[in-house]
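Report on one structure; see the data block that follows.
The sequence lines fix the lettering, A, B, ..., with proteins before strands; numbering per chain opens at 1.
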Protein chains: 2
Amino acid sequence: MTFNQIFERFSSRYLPASLSDAAMMRFRALGRALPVIREAPVSLDENADHLVYVCSGATKLVAHASAGRDQVVAFHFPDELIAVPARAEHSYTLYTVSPSELLVFDYADFADLARGEPAVLRMLLDCARKSLGRCRDKSLALGRKTAPERLAGFLVGMAVRIGAPQDDITFLDLPMSRRDIADSLGLTIETVSRQFTLLREQKIIETVGKSGVRIRDLLALEARAGYLIEAA
Amino acid sequence: MTFNQIFERFSSRYLPASLSDAAMMRFRALGRALPVIREAPVSLDENADHLVYVCSGATKLVAHASAGRDQVVAFHFPDELIAVPARAEHSYTLYTVSPSELLVFDYADFADLARGEPAVLRMLLDCARKSLGRCRDKSLALGRKTAPERLAGFLVGMAVRIGAPQDDITFLDLPMSRRDIADSLGLTIETVSRQFTLLREQKIIETVGKSGVRIRDLLALEARAGYLIEAA
DNA sequence: CGGCCTATTGATTAGCCTCAACCCACGTGG
DNA sequence: CCACGTGGGTTGAGGCTAATCAATAGGCCG
């Protein structure tokens, strides 16, 4: 895919139609296309914040702690926009999880340019707030939920984001490895694997190869996810 | 403190000086002062997002899971601005942790009004991004760090935010209870208490009554917090 | 001074991690 | 074409951290 095609997708999704051609050109000048890569860290300058548009593929944002411990802070799928922070007291790295086409901006430059375009600022704000909401939900899961609840919640979330409904079954093709899932849920790969087995034994899901999951009973998954039940 | 005084503080900190009087009045019209309350939930309409300015006191934003499990998503101290989300798949509640004076806005109304004021939008964006950064750090701690690391990281963070340096010692007056700390760190009160005891035994901190902490060795705390050490 | 709530300390348990073996799909080269 | 190697995933046994259950101590109020 050419840079122009990628930018076109990005702008039609995230830039207002009302934007002048001149302004559009200025945003375009800030973008840099990153080619398809297989499961690799995305090389970004660690001293600056970045804005990354996922055109195709999938990525994970990973936070690093001492002793080689990693925490996947978020996964991203096609047509999503991510803010990647510069190195701070914890350092963060963006990785592709499957072959991907990315569009990268320097965050500060982009935001400065958006100063003259309230609709773009508003879009950045909505984007940050959506990430914040997801991150808060993740904090709740990591701090207070059990392993079965975490995996159930993960699968429900993936079903919403990348699930393919077929009849009353939802099919998932998970692009990330068991290790990625474990690092996202704050568990080990063994625990994740055991939870998959339990869900399989209870006929709630079926697994197809390494990455396929057929969700047979989405309601059962939701019931397991530990969401607060509203008293009627 | 009167509404006018509270709004004045808020506007001098968060609204640009360049704002016209008319615009200022419109923002002011959206605000609602909430009086001093002792350790209580802040009553907000659960169906809308809110923007809350903490003028004095301290608050906690709590996410609720099933079975009465709570996770403190963030603490807030004077002069901070918070986005409180509406009820979603997890519900959130803002609580005061000590007597507080709050200024409350409807988020949608505020953001709509900010449409005409890029500087205000930019401020909201910076605010959301700061919260997101803190939340990501918290996810790392909850997912991958041990109990000693979590408490050390918590104390370092509090030292930065509300610590009073005295000579080479930092004094902390923690407004929140052990339960709040436990709910913030994804631990139990007993574990938090044991970790305080360990830090005391190792002469890294001293505790003064229930809420006072004297940090004698901030470097030792930082070393315990599990931050990624940069290879030179 | 007595009651009450929070914090601390102690003993035991449970859930997840660690370590280890095994399985399976896939790719490679003999 | 099949033996082999490799890397991810699954399964099993035992250990460890933090939770749970229970009791005591300490501030803070009347």
Collect all protein-nucleotide pairs involving nucleotides 12-16 of chain C in which both atoms are nitrogen or oxygen and the distance is under 3.5 Å.
| residue | atom | partner | partner atom | Å |
| --- | --- | --- | --- | --- |
| dC16(C) | OP1 | Ala147(A) | N | 2.9 |

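For Cys55(B) against Arg9(B), the heavy-atom pair with the smallest separation is O-NH1, 3.8 Å.
Annotation: cation-pi geometry not satisfied between Arg13(A) and Tyr53(A) (NZ/CZ under 6.0 angstrom from ring centroid, within 45° of ring axis). Under the 6.0 Å distance and 45° angle rule, Lys60(B) does not count as a cation-pi partner of Phe75(B).
Rounded to whole angstrom, the span from the CD1 atom of Ile189(B) across to the P atom of dA18(D) amounts to 17 Å. Remark: C1' of dC24(C) and CZ of Arg178(A) are 13 Å apart, rounded to the nearest angstrom. Residue Arg179(B) contributes atom CZ, which lies 15 Å from atom P of dC5(C) at whole-angstrom precision. Rounded to whole Å, atom C1' of dG8(D) lies 16 Å from atom CE of Met176(A).
Side-chain atoms of Glu190(B) lie closest to dC21(D) of the nucleotides dG9(D), dC21(D), dA7(C).
A donor-acceptor pair under 3.5 Å is formed between the side chain of Ser139(A) and the backbone N or O of Cys135(A). Judged purely by atom type and a 3.5 angstrom limit, His50(B) uses its side chain to pair as donor or acceptor with the backbone of Asp45(B). Put simply, the side chain of Arg144(A) gets close to the backbone of Asp70(B): a donor and an acceptor are under 3.5 Å apart.
Qualifying salt bridge (Lys or Arg N to Asp or Glu O under 4.0 Å) partners for Arg161(A), counting only residues two or more places apart in sequence or in other chains: Glu80(A).
Taking every heavy atom of residues 197-207 of chain A and every atom of DNA chain D, pairs under 4.0 Å involve Thr197(A), Arg200(A), by number.
Between Ile205(B) atom CD1 and Asp217(B) atom CG the span is 11.5 Å, to the nearest 0.5 Å.
Side-chain N/O atoms of Arg194(B) include none lying less than 4.0 angstrom from OP1 or OP2 on dA18(D).
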